[in-house]
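Everything quoted here is computed from the prediction, not taken from an experiment. Remember, it's 1-based here, ligands and their atoms both numbered in the order they're listed.
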Amino acid sequence: MKLISIVVPAYNEEANIAAMHQKLMQELESLPYRYEIMFINDGSSDNTLREILKLAEAHEHIKYISLTRNFGKESAMLAGLKRIQGDAVIVMDSDLQHPPTLIGEMIQGYEDGFNQVVAKRSRTGDSKVRSLFSSLYYKIINSITDVDFQDGEGDFRLLSRKAINAILALSESNRFSKGLFSWIGLSKKTINYENVLRTDGESKWSFSNLVNYGIDGIISFNMKPLRICFYTGFLVLFLSLIYIFFTLYNIMREGIGAPGYFTTITAILLLGGIQLISLGVIGEYIGRIYNETKQRPHFLVDISNADEYHES
Ligand code: UDP
Ligand code: MG
C-alpha cells in the first residue's frame, strides 16, 4: 500500500492542532492508503508543541519536528519535506483553512498520474483592497518573470515523490515556494475550492509581510528589474543628451535667457529618483547573493521523532 504523507507547518496554533488532526484522520481513515502526519512546530511561543507531543504519544502515524526558533513557513515546510517518507505528500496549513475533505480528490489526481495536484482557492471573504492588489500583483509578476504564478494557488498541494525530490534538490536559501513549485514543472492538475476563513488564532501576515513577500517573488525569479534599471538609465541619458544639444544650440543663437531653475531641479529630482531606485534594486540582488554565500542551513531542529529520509 502506498504511503501518503501530510506536512503541516504550525506556528502558534495551539487551538487548531487537535481539531486539524481529528479532521485529517477522518479523511485518511476512509482511504485505502497508509499515512503519516508530519507536524512542524516552527518555534511557537504557545502550547503548540505540547499539543503535537500529546498526539504523537497517542498515535503512531504522528511524526513531528520542532525547530529551535521561528524560521518561517518556507523553512518549516522544507524541514517537513526532508523527513517524510511518503510516495506523495500533501502540504497543508494547520489553521483549518485548507479543507481536509479535498484530500481524496487530490490523491485521485495523483493516481491519475499527475505529479502536482494544486488546490486553488477562491477569493471570497478577502477584502476588496487585498483582492485588487493581489490580482494586480499577479499581472505584474507574470509579465516580468518566466515562471507562471496563479492567483489563489498556494502551498496547499500534493506532490509526487518525483516532485518532492525536485524541490529538495533546490538548495537556495531564499525560498519562494510558489515560484519553486512552478519552476520544477512536471504535470499539474488544479482543483478549485471555496476560500475558508480562519476561525481560531490569527493570520501571521501583516501588510508589510505581504509587500516583502511580493518583492521576494519578483526578485527571486528573474533579472529583469536590473535590466529595467539599465534601460531606464539609458533612456534618460538619451533624452538628456538631446535636451543638452538643443539648449546649447539655442544659447549659441540667442545667448543665455532666463535662469533655468525649473529644468535644473526637474533633472536633479528625476535622475536622483531613478538612481535611488536602481541602487535599491541592485542592493536587493547583492543582499541575496550575500545571503546565499553564507550557506547557512535553512532551519535547525530541536527535537524530532523522524530522521532525514533518503530513498533507497
Ligand atoms: N506558519 C509557520 N511559520 C510562520 C508563519 C506561519 O509555520 O512563521 C504556518 C501557520 O501556522 C499556518 C500556515 O503557516 O499553518 C499559514 O499561516 P497563516 O494562516 O498565518 O497564513 P495565511 O493563511 O493567512 O496565508
Ligand atoms: Mg491561514
So, does [X] use its side chain to make a donor-acceptor pair with the main chain of [Y] at under 3.5 Å?
X: N115; Y: A163; answer: no
X: R83; Y: D307; answer: no
X: N305; Y: Y64; answer: yes
X: Q26; Y: T101; answer: no

*Verify the distance test for D93 against the Mg ion (ligand 2): any N/O/S atom under 2.8 Å, yes or no.*
no
*Y193/F156 under ring pair (Phe, Tyr, Trp, His ring centres under 6.0 Å): CA gap, chis, key distance, verdict*: CA-CA 11 Å; Y193 73 100; F156 185 17; 5.7 Å; yes
Among protein heavy atoms, which sits nearest to [atom], and what does the distance come to when rounded to 0.1 Å?
atom: atom 23 (O) of ligand 1; value: Q97 OE1, 2.8 Å
atom: atom 24 (O) of ligand 1; value: S203 OG, 2.6 Å
atom: atom 22 (P) of ligand 1; value: W205 CD1, 3.5 Å
atom: atom 20 (O) of ligand 1; value: K204 N, 2.7 Å
atom: atom 18 (P) of ligand 1; value: R198 NH2, 3.6 Å
atom: atom 8 (O) of ligand 1; value: N70 ND2, 3.0 Å
atom: atom 4 (C) of ligand 1; value: D42 OD2, 3.4 Å
atom: atom 9 (C) of ligand 1; value: P9 O, 3.8 Å

*asked:* I'd like the atom name of the N/O/S atom in D95 lying closest to the Mg ion (ligand 2).
replied: OD2
Lys/Arg-Asp/Glu bridge criterion (N-O < 4.0 Å) met for [X], [Y]:
X: E111; Y: K2; answer: yes
X: K73; Y: D42; answer: no
X: D148; Y: K178; answer: no

Near [X], which atoms of ligand 1 are under 4.0 Å from a heavy atom of that residue?
X: A10; answer: 7 (O), 11 (O)
X: S94; answer: 11 (O), 12 (C), 15 (O)
X: D95; answer: 19 (O), 23 (O)

*Nearest non-hydrogen atom to atom 10 (C) of ligand 1 belongs to which of E13, E74, R121?*
E13
*Are L28 and L102 joined in one hydrophobic group, where the rule is that I, L, V, M, F, W and Y side chains link up if heavy atoms are under 4.5 Å apart?*
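Yes, one cluster joins them.
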*For residues Y285 and P225, report the shortest heavy-atom separation together with the two atoms involved.*
OH-CD, 3.4 Å
*For E292, salt bridge (Lys or Arg N to Asp or Glu O under 4.0 Å) partners two or more places apart*: none
Specify side chain, backbone, both or neither for [X], according to which of its non-hydrogen atoms lie closer than 4.0 Å to ligand 1.
X: N12; result: neither
X: K73; result: both
X: D93; result: both

